[in-house]
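One structure below.
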2 protein chains.
Amino acid sequence: MTPDKQRPLRADAERNRRLIMDTADRLFAERGAVATLNEIAREAGVGVGTVYRRFPDLQALVDTLFTERFTTFLALAAAAEEHADPGQALRHYLLEAAQWRAGDRALDVILAHADLDARPLAGMRDELGRHVDGLVERAVAAGAVREDFASADVYAYLYMVGAVVDRTHDIAPDAWRRYAEVLMVGFGLEQAPTARTSAMTDAQIRLTWPSPSARLPAD
Amino acid sequence: MTPDKQRPLRADAERNRRLIMDTADRLFAERGAVATLNEIAREAGVGVGTVYRRFPDLQALVDTLFTERFTTFLALAAAAEEHADPGQALRHYLLEAAQWRAGDRALDVILAHADLDARPLAGMRDELGRHVDGLVERAVAAGAVREDFASADVYAYLYMVGAVVDRTHDIAPDAWRRYAEVLMVGFGLEQAPTARTSAMTDAQIRLTWPSPSARLPAD
DNA sequence: ACGCAAGCGGATAAATTTATCCGCTTAGTG
DNA sequence: CACTAAGCGGATAAATTTATCCGCTTGCGT
């Protein structure tokens, strides 16, 4: 067993590492697409070598960025479990998770390139799975949701809300709330269709259609 | 005004054009991502020049492929309007549209690269808009759906079902039906949560998480 | 069956992306 | 302070992608 007791990075190296991650993050958010490691280096004001030394390729950088975020995401699930009422707990989680998804501009890019089977991510995925299973089991047992509601529905919900978020970021930042509500009603988690958020206008929807300009935003 | 009366292509050229389009389609479907024009040429067994002569760049090819498909999509909307019952008409359209989305493996790739503002596509988009507006107005007037239901909700529905479809193509080809139903219930378009399609298993959901292998499928 | 506009193929140029190597600099220990 | 392991930068090589050009071939109207 090789003792991979890797000592901490030198202060300047750690500083650069952070700078590279923050720059990548900003770049991903600004353009809605990944940037090359060379671009990130230029933008961060460090040499390419410095980037490649720390992140062998784009995948490594993306996975690192995602690992950091995933920690927050896990915390949300843990926090939701605090609720005494199982229905509230699940509702709360679904709303917080969607909000997290909506509040992070770089996240869709990162998700599109992450590798959940890669090392520390796989463990976090499994831990998340346990939290979600718990939330779902309790809510179903309490009759707070359709009796056939399953963990898979939570992930599907996130995929669906994510799809709306990705297309409405810049157009109607709160549009996702309407569909989060619709889904919860559909899942029997909420009774009244209260329509807290109204539908997008035709002009707004128009902007969500596929177009190259929607893919390379600021310049 | 230049009379761009472009005479039909020579028979062999037309044949090649079709071959290129079909090959691109197949490649997109197989790999879940766009291929380069040179790859398409090689796979189709024609010279690169032949491809570039007909399609100046990838965008042109994608837009052409999408235009063809969009015709089908418009026909669905027109057919749905036949229903005497406005609720049935809308329900029927939502289901048919989702099914169309689910039944075409190359479609998500094409959608991700299409340019709806480009010429004949813009006109088709507007025509679709008129059909959808009609379906929605009639359904709302008849009280078959939530009174605040809007055209934007139809597009959002498609984005959401599309998100599920894209991740479950190869894993559970019918999974989207469950969420189409959930959304319809949430929109007040259907009363009973009948759960015709059950949720995916944990193992299936696992396969929908982001991973590079999910992006380059067969090899 | 002739003639030629239209079409074809694919070598190759240009641009972009990806990644390495190595001489110079510096943080941090003693 | 001095020494050295760790880190830095960026020129440049390798791989990939994108696109053009032009000599040869062929469909098809007469």
Side-chain angles (χ1 to χ4, degrees), chain A residues 3-24 27-28 30-65 109 112-115 212 215-216 219, chain B residues 2-24 27-28 30-65 109 112-115 118 212 215-216 219:
Chain A
D4 54 17
K5 168 124 236 99
Q6 54 196 10
R7 56 172 76 177
L9 292 177
R10 221 170 71 178
D12 55 343
E14 180 55 40
R15 212 153 44 233
N16 276 330
R17 190 182 125 94
R18 211 36 285 157
L19 175 62
I20 291 164
M21 288 171 66
D22 291 345
T23 303
L27 245 32
F28 293 176
E30 278 175 13
R31 50 217 300 176
V34 289
T36 67
L37 289 187
N38 288 44
E39 277 174 316
I40 293 166
R42 181 159 30 73
E43 189 67 20
V46 303
V48 231
T50 302
V51 172
Y52 279 91
R53 190 171 320 107
R54 220 52 72 193
F55 305 100
D57 54 24
L58 190 63
Q59 182 73 66
L61 174 54
V62 169
D63 285 352
T64 302
L65 289 174
V109 177
H113 292 84
D115 176 9
R215 288 189 289 277
L216 25 133
D219 185 38
Chain B
T2 48
D4 54 19
K5 169 117 238 112
Q6 55 196 10
R7 57 174 73 179
L9 291 176
R10 224 170 69 179
D12 55 343
E14 179 56 40
R15 212 155 42 233
N16 277 329
R17 189 181 124 94
R18 218 22 296 153
L19 175 62
I20 291 164
M21 289 171 65
D22 291 346
T23 303
L27 283 180
F28 293 176
E30 278 175 13
R31 52 217 299 176
V34 290
T36 68
L37 289 187
N38 288 45
E39 277 174 318
I40 294 165
R42 182 160 28 73
E43 189 67 18
V46 304
V48 231
T50 302
V51 171
Y52 278 91
R53 191 172 320 106
R54 220 51 72 194
F55 305 100
D57 53 25
L58 189 63
Q59 182 73 65
L61 174 54
V62 169
D63 285 351
T64 303
L65 289 174
V109 177
H113 292 83
D115 177 8
R215 288 189 289 277
L216 28 131
D219 184 40

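We name chains A, B, ... by the order of the sequence lines, and we start the count at 1 in each one. Any value given below was found using the heavy atoms of this structure, including those in side chains, with hydrogens, waters and symmetry copies removed.
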Next on the checklist: Taking any heavy-atom pair under 4.0 Å as a contact, classify A:Arg17: base, sugar-phosphate, or nothing.
Outcome noted: nothing

Checklist entry - Can you name the closest pair of heavy atoms from B:Pro212 and A:Ala114 and give their distance? => result CD-O, 4.3 Å

Checklist outcome for this item: With five pairs defining each end axis, the helix from C:dA1-D:dT30 to C:dG30-D:dC1 comes out bent, to 10°, by 20°

Item to check | Protein proximity profile, nucleotides 24-30 of chain C - base contact B, sugar-phosphate-only contact S, no contact -, cut-off 4.0 Å on heavy atoms | outcome: --BSS--

Checklist entry - Atom CD1 of B:Ile20 and atom CZ of B:Arg15: how far apart are they, to the nearest 0.5 Å? => result 12.5 Å

Checklist entry - Say you draw a straight line from CZ of A:Arg42 to OG1 of A:Thr23; how long is it, rounded to the nearest 0.5 Å? => result 12.0 Å

Next on the checklist: For C:dG7 and B:Asn16 - does any side-chain N or O of the residue sit under 4.0 Å from the phosphate oxygens OP1/OP2?
Outcome noted: no

Checklist entry - Are side-chain heavy atoms of A:Arg31 and A:Glu39 found at a separation under 4.5 Å? => result yes

Checklist entry - What is the distance from atom CD1 of B:Ile40 to atom OG1 of B:Thr50, rounded to the nearest 0.5 Å? => result 13.5 Å

Close N or O pairs between protein and nucleotides 16-23 of chain D (under 3.5 Å):
| from | atom 1 | to | atom 2 | distance (Å) |
| --- | --- | --- | --- | --- |
| D:dA19 | N6 | B:Asn38 | ND2 | 3.2 |

Item to check | Euclidean distance, atom CG of residue A:Leu19 to atom C1' of D:dC8 [Å, nearest integer] | outcome: 13 Å

Next on the checklist: Could you tell me if the side chain of A:Val51 sits less than 4.5 Å from the side chain of A:Val46, heavy atoms only?
Outcome noted: yes

Checklist entry - Distance from A:Asp63 atom CG to A:Leu58 atom CG, nearest 0.5 Å? => result 9.5 Å

Checklist entry - CG/B:Asp22 to CG/B:Leu65 distance, rounded to the nearest 0.5 angstrom? => result 8.5 Å

Item to check | Separation of A:Leu37 CG from A:Gln59 CD (nearest 0.5 Å) | outcome: 11.0 Å

Item to check | Heavy-atom side-chain contact between B:Arg54 and B:Asn16 under 4.5 Å | outcome: no

